[in-house]
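Convention: sequence-line order gives letters A, B, ...; per-chain numbering from 1. Both backbone and side-chain heavy atoms feed into the values below; hydrogens, waters and symmetry mates do not.
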2 protein chains.
Amino acid sequence: MSLKRKNNKSTQVPEPTLRRLPGYLFFLEKVREKGVINISAPTIGKELKCDPTQVVKDLAVTGIKGKPRVGYNTYELCHALEEFLGFNRVNEAFLIGAGNLGTALMAYQEHQTLGIKIIAAFDVNEDKIGKHVGGIHVLEYNKLFHLSNRLDVKIAILTTPNNVAQDVAEDLVNCGVKAIWNFTHCNLDLPDNIIVEDISMSSFAAVLLRRLNDSEE
Amino acid sequence: MSLKRKNNKSTQVPEPTLRRLPGYLFFLEKVREKGVINISAPTIGKELKCDPTQVVKDLAVTGIKGKPRVGYNTYELCHALEEFLGFNRVNEAFLIGAGNLGTALMAYQEHQTLGIKIIAAFDVNEDKIGKHVGGIHVLEYNKLFHLSNRLDVKIAILTTPNNVAQDVAEDLVNCGVKAIWNFTHCNLDLPDNIIVEDISMSSFAAVLLRRLNDSEE
DNA sequence: ATATATTAAAGAAATAATTCTTTATTAAAA
DNA sequence: TTTTAATAAAGAATTATTTCTTTAATATAT
Ligand SMILES: NC(=O)c1ccc[n+]([C@@H]2O[C@H](COP(=O)([O-])OP(=O)(O)OC[C@H]3O[C@@H](n4cnc5c(N)ncnc54)[C@H](O)[C@@H]3O)[C@@H](O)[C@H]2O)c1
Ligand SMILES: NC(=O)c1ccc[n+]([C@@H]2O[C@H](COP(=O)([O-])OP(=O)(O)OC[C@H]3O[C@@H](n4cnc5c(N)ncnc54)[C@H](O)[C@@H]3O)[C@@H](O)[C@H]2O)c1
């Protein structure tokens, strides 16, 4: 999306592949629950409507080998995918900005299955401080600095208003945060080693509206 | 993301470009407010930290021509970008599922600047029906069918639980909806001419966690 | 006026990602 | 046991996207 991060020596897994992996994982978990032991790439491709060789290439990043005429072992694959994505670990995260979107994310239980656990939320607004949503407490923003000294939290979810996002992001970096999930549409300017994942509504809207326009000729 | 839609004769604008365009628009609006009349691609590139020739190529899709040694006219560009993206039109949308995420999106005023206007929300839960958030009423789900006959709404925002998403999506298509902004992580199986824009938390989590892992070697 | 530096535009090259092809493996059928 | 069909894996070819290079235009300075 923004600037490419090439801070790793060995060839990184391509982003399109990475984005597709959770889809495979969820599908595989579903069929595994139904008792399916083995599944082939063509079958996965048919269900998920994508190219079977793409499936093979994507799944290869996990290191799991399939057997000809049998396919992949669903248990092995699920496990390897979870491991590879980090979904089976508990990756603790702070949430900053307990507003409309922030509280929706706090209430969102599925984060657990994505390996991300919001352990505390922070806000500057008196009305928000002290509340708790989905078992997560909203703390005074200033407490972020004290808490981050004790805890080693590497991930932050940023849901403040746009105009304070840059300042808050800089605070987060100073608190030892290494990756920011940015829901604001502020173009964060941070050191290169900080991972920023922008989830920009506007980009989605742009693609949707334009494609809709295209389809109407 | 999922399957490529190639339903348009002329070469479509590449998706990566489309995703970047709103970023240019917001930046340009900001500098225009400061009274900047002209701006060059290298300047934009420096601010947004991207390649200047990329900027030139991206902006070329609007049809706006820049002048050597001067750059682009900010007014012209903003206008052309809004026009191209459809952000200056009122694209009416239905929202289905007025839960945590749904109500956050209803309260989200910035949709207006993205050209999307939620005109009504629908839910099956008695407790939700009748409420209104951000000036938008939550109606009984069944009213969707009546209303869609009268109104010609082409866009739907899907924020129901995952397990009903497919059924609801099919209803929406039957109601004449042409584009679905899908926030569930259900793999919607719909006719090819329907535009589905998946905003999958899991994909973002995957990229974020994996890159974090990569950076820690 | 003339020269100079800046820059958009167009095209070429490089890189990344996807799709196609071939090969080798293996379970099941004959 | 031998044959057959299915399929993973590896690599080639294609396609898409980004980056680099050249060219032409033009405002500013000389
Ligand atoms: N609401 C949505 O559905 C939605 C969707 C996509 C993106 N976004 C983006 O998410 C961000 C938040 O949106 P929202 O609708 O939740 O807004 P909001 O105003 O409801 O929430 C923002 C919260 O941040 C708090 N805050 C303000 N300054 C702060 C600071 N310096 N430190 C910590 N907290 C601070 C506010 O008190 C408030 O509780 C915006 O950038 C918006 O563009 C929102
Ligand atoms: N909460 C989040 O932050 C978040 C973030 C990303 C994605 N999501 C996804 O968005 C979806 C909704 O999440 P949520 O947290 O808002 O859940 P939620 O349970 O709070 O909201 C779902 C709403 O849909 C309504 N609903 C149920 N069945 C319906 C039907 N057949 N027709 C119409 N409405 C129906 C429910 O009454 C409820 O109000 C889920 O798929 C979730 O994975 C949520």
Establish, with yes or no, whether the OP1 or OP2 oxygen of C:dA17 is under 4.0 angstrom from a side-chain nitrogen or oxygen of A:Arg19.
no
Hey, is the side chain of B:Lys65 poking within less than 4.0 Å of OP1 or OP2 on C:dA10, counting only N and O atoms?
yes
Salt bridge (Lys or Arg N to Asp or Glu O under 4.0 Å) filter on A:Glu92, not counting sequence neighbours, yields none
Carboxylate-amine/guanidinium contact B:Arg89 B:Glu82, below 4.0 Å:
no
Could you tell me whether B:Lys154 and A:Glu216 have a side-chain N and a carboxylate O separated by less than 4.0 Å?
yes
Taking [atom1] from [X] and [atom2] from [N], how many angstroms apart are they, rounded to a whole number?
X: B:Glu15; N: D:dT18; atom1: CD; atom2: C1'; value: 16 Å
X: A:Arg20; N: C:dT18; atom1: CZ; atom2: C1'; value: 8 Å
X: B:Asp51; N: C:dA8; atom1: CG; atom2: P; value: 12 Å

Using heavy-atom distances to pick each residue's nearest nucleotide on DNA chain C, tell me which of A:Pro68 and A:Thr17 is more 5'.
A:Thr17
Distance only, no hydrogens: is a donor on one side chain within 3.5 Å (strictly under) of an acceptor on the other, for A:Glu47 and B:Asn187?
no
Applying ring pair (Phe, Tyr, Trp, His ring centres under 6.0 Å), which residue pairs with at least one partner in residues 44-87 of chain A are found, sequence neighbours left out?
none
Those residues of residues 53-62 of chain B lying under 4.0 Å from DNA chain C by at least one heavy atom
B:Val56, B:Lys57
Can you find a heavy atom in the side chain of B:Val55 that is under 4.5 Å from one in the side chain of B:Cys50?
yes
Heavy-atom side-chain contact between A:Asn182 and A:Ile199 under 4.5 Å
no
Using a strict heavy-atom distance below 4.0 Å, which residues from residues 26-43 of chain A are in contact with DNA chain D?
A:Ser40, A:Ala41, A:Pro42
For residues 69-77 of chain A, which residues have at least one heavy atom under 4.0 Å from DNA chain D?
A:Arg69, A:Gly71, A:Tyr72
Which pairs would a plain distance check flag for residues 168-180 of chain A, meaning a side-chain donor or acceptor within less than 3.5 Å of a matching protein atom at least two apart in sequence or in another chain?
residue: A:Glu170; atom: OE2; partner: A:Gln166; partner atom: NE2; Å: 2.6
residue: A:Asp171; atom: OD2; partner: A:Tyr141; partner atom: OH; Å: 2.8
residue: A:Asn174; atom: ND2; partner: A:Glu170; partner atom: O; Å: 3.3

